[in-house]
Amino acid sequence: MSSVLFLIALFLVVGLINPSFLNSSNVSACFNTSVVYTLVAVGMAFTLFIGEIDVSVGANLGIVATVVGSMLRDGAPVPTAILVGILIGAAIGLINGWGVAIMHAPSLIYTLGVCGILRGLMYLYTNGAWVENLPKDFKDFSAVTAVGDLTVYYCAAVVLTIVIWILTTKTRHGRYFIAVGDNANGAQLVGIPATRVKVIAYVICGVLSAVAGIIFTSRIGFVTADSGDGYEMKAIAACVLGGISLVGGVGSVIVAAVGAARLHGLLVQLRQRHHRHHPHRDRRRGRTHPAQKRCQELPRAPARPGLS
C-alpha cells in the first residue's frame with residue numbers, strides 16, 4: 001500500500017512541477033510504456049524472493065525478441081512464434097535454475113555468464129543486423145486499448161500480476177518462495193523442497209522475461225542486436241524501489257510492478273526535462289538544431305589571397 005501511495009504522490013508532485021503532465025493521455029501513456037519493465041520486474045522479483053538474482057533477463061528478453069521477430073518476418077504464424085519464444089525463455093530459466101540451485105554456483109556470476117552467452121548468440125543469429133519488416137497487424141496490436149487509454153498489453157500485465165500475487169500470498173505452495181528466501185535450510189527441514197522452488201523461480205523469471213520480449217517486439221516494431229541491454233538493472237531497481245529485499249524473504253509482486261511504474265515515470269520526467277533544457281540533443285536524432293542551421297546559412301568569408 002505504501003508503494004501505491006508513493007506512486008500517487010509522485011504523479012502529484014510531477015503534476016505540480018509540470019501541470020500539463022496530469023492528464024489522462026499522459027498518465028496512460030506512462031503506464032502503457034512501462035509494461036515491459038513491469039513484466040521483467042515481476043519475473044526478477046521471484047529470484048529476489050529466494051535470495052538470489054538473475055542478471056540475464058535483459059539478454060533473455062533480447063534473444064526471444066530476436067527469434068520471435070525473425071520468425072514473424074519470415075511468415076510464421078503468430079501463435080507459433082509466441083510459443084517458441086516462451087519455450088526459449090523457460091529453457092533459459094531452467095538453465096539458470098540448474099546452475100544456481102543444483103550446481104550451487106553464485107547466482108550473480110552464473111547468470112552474468114549466461115547473459116554474455118545469450119548476447120553472443122544474438123549476434124550470431126542476426127549477424128549484427130536489425131530484425132525488421134514485421135507483420136503490420138502484430139505491430140498495430142500494441143496500440144489496441146482495453147480500458148480507457150490503457151492498452152491490452154498493460155491491462156493483461158496488471159491482471160497477470162494480480163493473479164500471481166494471489167497465488168504467492170494466498171496459497172501454501174506460493175508462499176514457499178518467501179520461505180526459502182527467508183531461511184532455505186529451515187524451509188528444507190520443515191519439508192519445503194528448496195531446490196525445486198529455486199528452479200521454479202528461475203523458470204518463472206525466464207518465462208516472464210520472454211513474454212516481455214514478445215511485447216517489446218510488438219511495441220517497437222523492430223529488434224536491434226542490443227535489444228534488452230540494461231533491462232536487468234532497471235528490473236532490480238524497480239524491485240528495490242517497491243520494497244523487495246535483495247537478501248530474500250521480503251516483498252511481493254505487486255510492489256515490483258508498482259516499482260516499475262515508479263521508475264519508468266521518473267525516467268520519463270527526467271528525459272523530458274533534459275530535452276527541454278538541452279535542445280541541442282536533437283542533433284543526435286538526425287535533426288539540425290535551429291542555431292546550427294542559422295550558422296550553416298551564414299555566407300562564408302572569401303578566401304584570402306596567398307593562403308591555401
Side-chain angles (χ1 to χ4, degrees), residues 25 28-41 43 56-93 114-146 149-157 160 206-232 234-235 260 264 267-268 271 275 281-288:
S25 60
S28 297
C30 185
F31 284 122
N32 290 334
T33 53
S34 70
V35 59
V36 176
Y37 294 109
T38 300
L39 290 171
V40 177
S56 69
V57 291
N60 185 340
L61 182 155
I63 197 166
V64 169
T66 300
V67 173
V68 171
S70 62
M71 290 180 66
L72 293 174
R73 178 198 59 194
D74 297 337
V78 173
T80 302
I82 292 175
L83 178 61
V84 170
I86 292 175
L87 290 176
I88 291 173
I92 294 171
V114 171
C115 175
I117 293 173
L118 294 177
R119 287 291 174 197
L121 290 176
M122 284 178 62
Y123 278 98
L124 289 175
Y125 187 80
T126 62
N127 291 321
W130 290 18
V131 178
E132 300 178 285
N133 301 319
L134 304 183
K136 185 175 184 299
D137 292 341
F138 180 69
K139 294 186 292 185
D140 290 345
F141 189 74
S142 64
V144 176
T145 57
D149 292 329
L150 296 177
T151 62
V152 171
Y153 285 150
Y154 187 76
C155 292
L160 178 62
V207 169
L208 289 176
S209 298
V211 174
I214 295 168
I215 294 177
F216 173 90
T217 307
S218 177
R219 291 193 66 255
I220 304 301
F222 59 89
V223 184
T224 63
D226 61 349
S227 293
D229 188 25
Y231 274 68
E232 56 278 348
K234 292 182 177 69
H264 185 68
L267 293 176
V268 167
R271 195 177 299 120
H275 286 327
R281 282 175 58 90
D282 289 344
R283 287 178 291 180
R284 294 180 60 183
R285 298 190 176 188
R287 299 191 293 269
T288 304

- Message: Show, in sequence, the C-alpha distance, side-chain angles and deciding distance for Val152 and Thr145, and conclude whether the side chain to side chain contact (heavy atoms under 4.5 Å, CB included) test is met.
- Response: CA-CA 5 Å; Val152 171; Thr145 57; over 6 Å; no
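- Between Ala212 and Val40 the shortest heavy-atom distance is CB-CG2, 3.6 Å.
- Phe222 pairs by the ring pair (Phe, Tyr, Trp, His ring centres under 6.0 Å) definition with Trp130, not counting sequence neighbours.
- Between Val211 and Ile82, the closest side-chain pair of non-hydrogen atoms is not below 4.5 Å.
- Evaluation of the salt bridge (Lys or Arg N to Asp or Glu O under 4.0 Å) test over residues 122-142, restricted to residues two or more places apart or in two chains, returns Lys136-Asp140.
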Let me have the donor-acceptor pairs involving side chains of residues 63-80, under 3.5 Å, with sequence neighbours excluded, atom names and distances please.
| from | atom 1 | to | atom 2 | distance (Å) |
| --- | --- | --- | --- | --- |
| Thr66 | OG1 | Gly62 | O | 2.8 |
| Ser70 | OG | Thr66 | O | 3.1 |
| Ser70 | OG | Val67 | O | 2.8 |
| Ser70 | OG | Tyr125 | OH | 2.7 |

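- Put simply, CG on Asn32 and OH on Tyr154 are 8.5 Å apart, with the number rounded to the nearest 0.5 Å.
- A side-chain donor-acceptor contact under 3.5 Å links Thr126 to the backbone of Met122.
- The minimum heavy-atom distance between Leu150 and Cys155, with the atom names listed, is CB-SG, 3.8 Å.
- Note on residues 209-222: pairs passing side chain to side chain donor-acceptor pair (under 3.5 Å), not counting sequence neighbours, are Tyr153-Ser218.
- Under the side chain to side chain contact (heavy atoms under 4.5 Å, CB included) criterion, Ala129 pairs with no residue at all, not counting sequence neighbours.
- Using a 4.5 Å cut-off on side-chain heavy atoms (C-beta onward), Val35 and Thr151 make no contact.
- Applying the side chain to side chain contact (heavy atoms under 4.5 Å, CB included) criterion to Ala260, with sequence neighbours excluded, gives Tyr37, Thr38, Ala41, Ala238.
- In this structure Asp226 satisfies the salt bridge (charged side-chain N to carboxylate O under 4.0 Å, His left out) test with no other residue, sequence neighbours excluded.
- To the nearest 0.5 angstrom, Leu118 atom CG is 6.0 Å from Ser56 atom OG.
- Looking at residues two or more places apart in sequence or on another chain, you find no side chain to side chain contact (heavy atoms under 4.5 Å, CB included) involving Ala143.
- Checked against side chain to side chain contact (heavy atoms under 4.5 Å, CB included), Leu160 has the following partners two or more places apart in sequence or in another chain: Leu39, Ile164, Leu208.
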